[in-house]
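Numbering starts at 1 and runs along the sequence shown.
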Amino acid sequence: VGRTELSCDLLEEMIRDEQIPAPLMLQVGVGLDNIGRPDLAVCASRRAIELAPQYAQAWYDMSFYTGKCGGSIDTVESHARRAVALDPRALQYRIGLAGLLSRQERLGEAHALVQDLTKSEIESIGCRTCLQRVTDLYEFARDYRRAVIGRQRLVVMPEGEGC
C-alpha cells in the first residue's frame, strides 16, 4: 500500500526477534529486498544462517543478496558453493552458481555443475535466461544431446519467462 518506510521498520524489527525460525526469516529477507533494501535482506539471511547453519536456502539467499549489494565475487561464490555443498541436488543453486561462473568466463567449472542434468531437469528450468545460459554451457562442452533438449525447451518457452 505504499508504506515502504513502515514495512522496512517492521521487517527490520523481525530480524531481531528471537522467536522467528529460519524459513520465516528468509521471507523477511524477501520482503526487505522487495522494498529495495537488499542490504537488510543480507542481515535477515545472516540471521537465518545463525539459526540453522545447515539450511542451504539461507546460504543461497545470502549469496544472492550479497551480490545485489555489490559484495565481492569471491564472497558471493563462497556462499553459493556452501548452498550447493549442503544440497547438491538443488537445481536452483547449481544453476545460479553456474551462471556466476559463466559470467566470469569460468565455463569449465560452470559446466561441471550442470553436466549431469537429466532431460526432465533441463525441461523444468523455468527461467529463460538461466536455460539459455545452461544450454550455452552444453554447447561449449560439446554436450549436444543436452544442448538440443535446452534449445527445444527455449523454442516453446514463452518470452519473458524469468527468475
Side-chain angles (χ1 to χ4, degrees), residues 22-49 52-163:
L24 183 55
M25 190 59 66
L26 294 184
Q27 291 304 308
V28 169
V30 169
L32 288 162
D33 185 45
N34 285 339
I35 60 171
R37 294 300 308 266
D39 57 317
L40 292 176
V42 167
C43 296
S45 298
R46 185 176 297 118
R47 180 75 180 114
I49 290 168
Q54 302 303 310
Y55 188 27
Q57 185 67 51
W59 286 99
Y60 190 77
D61 287 9
M62 176 69 101
S63 173
F64 178 76
Y65 298 131
T66 299
K68 279 187 90 166
C69 290
S72 77
I73 294 294
D74 290 341
T75 301
V76 172
E77 179 182 341
S78 173
H79 293 327
R81 284 193 183 278
R82 179 66 187 253
V84 170
L86 289 169
D87 190 358
R89 290 306 310 164
L91 214 49
Q92 173 189 1
Y93 308 156
R94 292 167 56 201
I95 290 171
L97 179 54
L100 177 70
L101 295 173
S102 289
R103 288 188 298 277
Q104 295 176 33
E105 309 261 335
R106 294 163 60 188
L107 301 179
E109 289 176 74
H111 177 258
L113 289 160
V114 296
Q115 70 184 359
D116 63 348
L117 297 188
T118 65
K119 180 180 189 282
S120 65
E121 287 173 325
I122 295 167
E123 291 172 341
S124 76
I125 298 172
C127 167
R128 188 172 192 80
T129 302
C130 296
L131 180 57
Q132 181 67 60
R133 192 172 291 130
V134 168
T135 302
D136 290 345
L137 287 171
Y138 290 139
E139 289 174 354
F140 160 79
R142 295 190 169 115
D143 184 347
Y144 298 118
R145 184 181 68 78
R146 285 186 176 87
V148 166
I149 294 167
R151 290 277 169 232
Q152 288 173 334
R153 172 77 173 114
L154 283 165
V155 167
V156 298
M157 181 180 270
E159 289 293 325
E161 297 249 338
C163 294

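- Under a 3.5 Å cut-off, the side chain of R133 and the backbone N or O of A98 do not form any donor-acceptor pair.
- Heavy-atom minimum distance, Y65 versus P38: CB-O, 3.9 Å.
- You'll find the side chain of I49 reaches within 4.5 Å of the side chain of M62, heavy atoms only.
- Rounded to the nearest 0.5 angstrom, T66 OG1 and D39 CG are separated by 11.0 Å.
- When all heavy atoms of R128 and P158 are compared, the pair lying nearest together is NH1-O, 4.0 Å.
- In plain terms, the two heavy atoms of F140 and G108 that are nearest each other are CE2-N, 3.8 Å.
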Step by step, work out the side-chain contact (heavy atoms from CB on, under 4.5 Å) result for V148 and R145.
-> CA-CA 5 Å; V148 166; R145 184 181 68 78; over 6 Å; no
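- Between D33 atom CG and L26 atom CG the span is 12.0 Å, to the nearest 0.5 Å.
- No donor-acceptor pair under 3.5 Å is formed between the side chain of R37 and the backbone N or O of L32.
- Distance check: T129 OG1 to I95 CD1 gives 12.0 Å after rounding to the nearest 0.5 Å.
- By the 6.0 Å contact criterion, NZ on K68 is enclosed, its count of non-hydrogen atoms from other residues, nucleotides or ligands being greater than 12.
- Two residues are said to be in side-chain contact when any heavy atoms from C-beta on lie closer than 4.5 Å; R151 and Q132 meet this criterion.
- The nearest pair of heavy atoms linking G150 to L131 is O-CD2, 3.9 Å.
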Check the pair E121, R146 against salt bridge (Lys or Arg N to Asp or Glu O under 4.0 Å), reporting the backbone distance first and the verdict last.
-> CA-CA 11 Å; E121 287 173 325; R146 285 186 176 87; over 6 Å; no
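- Listed by first and then second residue, the ring-ring contact (aromatic ring centres under 6.0 Å, His included) pairs that reach into residues 82-110 are Y60-Y93, sequence neighbours excluded.
- Formation of a donor-acceptor pair under 3.5 Å by the W59 side chain with backbone atoms of Q54 is not found in this model.
- Of the possible donor and acceptor atoms, one in the side chain of S45 sits under 3.5 Å from a partner among the backbone N and O of A41.
- The shortest side-chain heavy-atom distance between I149 and T135 does not fall under the 4.5 Å cut-off.
- In this structure, the separation between CZ on R47 and CG on L40 is 15.0 Å, given to the nearest 0.5 Å.
- Using a 4.5 Å heavy-atom threshold, the side chains of D136 and S102 count as separate.
- When side chains are defined from C-beta on, R94 counts as touching L117, because their heavy atoms get closer than 4.5 Å.
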Could you list the donor-acceptor pairs under 3.5 angstrom formed by side chains in residues 79-87, with sequence neighbours left out?
| residue | atom | partner | partner atom | Å |
| --- | --- | --- | --- | --- |
| R81 | NE | E77 | OE2 | 2.8 |
| R81 | NH2 | E77 | OE2 | 3.2 |
| R81 | NH2 | E109 | OE1 | 3.2 |

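- The line from CE of M25 to CG of D61 is 12.5 Å long, rounded to the nearest 0.5 Å.
- With rounding to the nearest 0.5 angstrom, the CG atom of D143 is 5.0 Å from the NE2 atom of H111.
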Could you go step by step and tell me if R153 and I125 meet the side-chain contact (heavy atoms from CB on, under 4.5 Å) rule?
-> CA-CA 9 Å; R153 172 77 173 114; I125 298 172; over 6 Å; no
